[in-house]
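Notes follow the structure.
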Amino acid sequence: MTDPVDRLLDAAESGKSLIKNRDILQTTYVPATIQHRDEEAKIVAQSLLPILKQSRPSNLLVYGKPGTGKTLVVKKVLSKIQERVKKSNFPIKLVYSNSIEETSLSGFLVSLGRQLGLTAKELPITGLALDEVFKRVLNKIDEGKLNTIFVIDEIDNLADLVAKSGKDVLYQLTRANERLKQGSITLVGISNTLTFKEKLDPRVISSLGEEEVVFTNYNPNQIKKILEERINEAFIDNSVEEGALNLCAAKAASVSGDARRAIALLRVAGEIAERQQSDKVKPKHVEEAAKKIEEDKEDTTLKSYTLHERLVMVAIMKANGSSTGEIYSTYKNLCKITRQEELTNRRITQMLSEIELDGLITGKIIRQGIHGRTKKHTLGTSITPKKIKKIYEKDLILQDIL
DNA sequence: CCTCCACAGGAACTGATGGCGT
DNA sequence: ACGCCATCAGTTCCTGTGGAGG
């Protein structure tokens, strides 16, 4: 009469684990060599040579779709340069920031400052004028005679923030060297789109785009090779079926050529296979993994929604396939039942397009002549009413309307 | 051919929040 | 204590639009 938990743990203990080194399957893991990217790595290194020679800061722009290894290559090259330069009296300070994680310009600048060693006291998250934050960051560099390399990932996002606020932080960054008596700033911008330049101030382009590197998409064969290398290191021998490997590569390549996705898919498939006590990772595990990743993503976005976003989701669920106007009145009804103050039409329209961006619903503009123009909103195929109910059933306010 | 519907979606504003500097 | 500066969710006001129906 064993406890079910014990039984589960016993099984897990005695069961073979297919994965021998989990870290290698993390997408943040930097492999010893980055395959198929020698050319690009060389260009990156080349354009950063001036720093190594201590002559002058030089900026660089890197393009490539997500999962093409651009960030990895840049990090790799930079850490090599840093290594070489360590012994000299010209140390380099690496600062990496991913703009997608920052919702505001000051947040971005503060994260740069923090990495330079400014404490919360010296550089508070909020309360300071942008110019003041900028000044403090520059002071730190000046005082410490720091030679900094700012790696700005997803720089497109930052460019959007700049455009929205009208504060030309990027321009100031490119010109900051003129304000520094000691130390220097080198910028490495990483962008997902080739067209993002159009969004930038031409003065920024001229100094930031001195050098450019383009990372092309991986093709299925390259993805397969990348996966093979990781499999060799992370899995025990002969534990991934050829068919599963091919499916991983094919799935990732067909969507985007995104190697990160392929690796994530492989990892989850491996975990599923282990849990099922399978002795090998099989194609069906990959299928299940793809489904699970998708569902997990949906669940977390659904959970991240605010009360009114949730109300809108429920409204769409109740009036699946109807127009903005109909959804709005359904939503207003729900507000009445739950005794919430209703938001304006405009805000709901905006929420609808935000939810669409999250991929949970699809909107289709339809024109009905004299009956005007509207958008029909439909739940995504994998977003069932059942799923929404399950996730929101714990929400006390929503209980009555589910 | 013109009109006019039912919204889409941009822009500018508001008010709360929050912490700094003096 | 008070003003300043920035962010954020939300509001107000607005202009734009393709085609069915007259």
Side-chain angles (χ1 to χ4, degrees), chain A residues 97-114 116 118-140 154 157-173 198-199 301-316 319-336 338-378 395 397-398:
Chain A
S97 90
N98 190 333
S99 325
I100 215 96
E101 287 156 16
E102 307 296 345
T103 53
S104 71
L105 285 177
S106 62
F108 164 74
L109 283 178
V110 168
S111 103
L112 294 186
R114 281 292 146 70
L116 290 173
L118 287 165
T119 61
K121 261 250 169 73
E122 293 167 302
L123 188 67
I125 306 157
T126 159
L128 283 188
L130 263 185
D131 288 347
E132 183 63 27
V133 178
F134 201 76
K135 211 184 289 168
R136 289 187 188 191
V137 172
L138 287 193
N139 272 347
K140 181 78 183 179
E154 321 271 349
N157 194 49
L158 192 64
D160 286 343
L161 287 177
V162 167
K164 235 191 287 169
S165 66
K167 307 275 162 60
D168 50 358
V169 171
L170 268 173
Y171 176 65
Q172 289 197 48
L173 265 179
E198 294 157 16
K199 286 188 261 178
T301 37
L302 276 175
K303 277 181 200 149
S304 74
Y305 281 167
T306 60
L307 173 62
H308 283 279
E309 284 167 326
R310 291 173 183 213
L311 284 166
V312 171
M313 268 320 283
V314 177
I316 303 168
N320 197 358
S322 34
S323 64
T324 305
E326 288 162 327
I327 288 179
Y328 184 55
S329 49
T330 316
Y331 157 82
K332 279 200 290 191
N333 256 332
L334 296 178
C335 282
K336 247 181 226 128
T338 54
R339 291 156 191 258
Q340 299 299 316
E341 215 169 308
E342 56 206 40
L343 303 178
T344 47
N345 201 338
R346 181 70 189 87
R347 184 84 247 282
I348 300 308
T349 318
Q350 193 163 318
M351 275 187 186
L352 283 170
S353 55
E354 281 164 12
I355 295 173
E356 190 185 346
L357 262 181
D358 286 338
L360 297 190
I361 61 173
T362 46
K364 199 172 158 197
I365 288 185
I366 51 158
R367 302 164 213 282
Q368 310 157 311
I370 199 140
H371 301 297
R373 183 173 61 146
T374 187
K375 221 172 181 181
K376 295 258 181 193
H377 307 272
T378 333
D395 195 321
I397 298 172
L398 297 178

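Worth knowing before you read on, the calculation uses all heavy atoms, side chains too, and leaves out hydrogens, waters and symmetry mates. Below, read A as the first sequence line, B as the second, and so on, with proteins coming before strands; counting in each chain starts at 1.
Nearest-nucleotide positions on DNA chain B place A:Ile370 closer to the 5' end than the other of A:Ser353 and A:Ile370.
Without hydrogens or angle criteria, A:Asn98 side chain to A:Ile100 main chain gives a donor-acceptor distance under 3.5 Å. Although no hydrogens or angles enter the test, the distance criterion places no donor-acceptor pair under 3.5 Å between the side chain of A:Tyr331 and the main chain of A:Ala315.
Here the C1' atom of nucleotide C:dA6 and the CD1 atom of A:Ile125 are 13 Å apart, to the nearest Å. Atom C1' of nucleotide C:dC13 and atom CG of A:Asn345 are separated by 13 Å, given to the nearest angstrom. Protein atom CZ of A:Arg373 is 19 Å distant from nucleotide atom C1' of C:dG21, rounded to whole Å. The interatomic distance linking A:Leu128 (CG) with B:dG19 (P) rounds to 12 Å, in whole Å. Between the CZ atom of A:Phe134 and the P atom of C:dC5 there is a distance of 18 Å, given to the nearest Å. The interatomic distance linking A:Glu122 (CD) with B:dG21 (P) rounds to 12 Å, in whole Å. For the pair A:Glu132 CD and B:dC20 P, the computed distance is 12 Å after rounding to whole Å. The CD atom of A:Gln350 sits 10 Å away from the P atom of C:dG10 (whole-angstrom rounding).
Put simply, A:Lys167 has a side-chain N or O that comes within less than 4.0 Å of OP1 or OP2 on C:dA6. OP1 or OP2 of B:dG9 has at least one side-chain nitrogen or oxygen of A:Lys375 nearer than 4.0 Å. Between A:Thr103 and C:dC8 there is a side-chain polar atom (N or O) within less than 4.0 angstrom of OP1 or OP2. For the OP1/OP2 pair of C:dA6 and a distance below 4.0 Å, the side-chain nitrogens and oxygens of A:Ser106 include no atom meeting the criterion. In this structure, A:Thr324 reaches the B:dA8 phosphate: one of its side-chain N or O atoms is under 4.0 Å from OP1 or OP2. For C:dT11, the OP1/OP2 oxygens have a side-chain nitrogen or oxygen of A:Thr344 closer than 4.0 Å.
The pair A:Glu354-A:Arg347 meets the salt-bridge criterion, since a charged nitrogen lies less than 4.0 angstrom from a carboxylate oxygen.
Listed candidates were B:dA6, C:dT7, B:dG18. Nearest to the side chain of A:His371 is B:dA6. Comparing C:dA6, C:dG10, C:dT7 by their closest approach to the side chain of A:Ser104 singles out C:dT7. The side chain of A:Thr126 lies closest to B:dG19, out of B:dG19, C:dG10, C:dA6. Relative to the side chain of A:Leu105, the nucleotides C:dT7, C:dG10, B:dC20 differ in distance, and C:dT7 lies closest. Side-chain proximity of A:Pro124 to the nucleotides C:dT7, B:dG19, B:dG9 is greatest for B:dG19.
Residue contacts shown for A:Leu130 are limited to sugar-phosphate atoms, with no base heavy atom under 4.0 Å away. Among the heavy atoms of the strands lying under 4.0 Å from A:Arg347 is at least one base atom, whether or not backbone atoms are also near. Using a 4.0 Å heavy-atom criterion, one finds that A:Lys121 contacts no nucleic acid atom at all.
At a threshold of 4.5 Å between non-hydrogen side-chain atoms, the residues A:Thr349 and A:Thr344 do not count as touching. At least one side-chain heavy atom of A:Ile348 sits less than 4.5 Å from a side-chain heavy atom of A:Met351. Using a 4.5 Å cut-off on side-chain heavy atoms (C-beta onward), A:Ile397 and A:Leu311 make no contact.
Contact annotation: side chain of A:Arg346 to base of B:dG10, donor-acceptor pair present below 3.5 Å.
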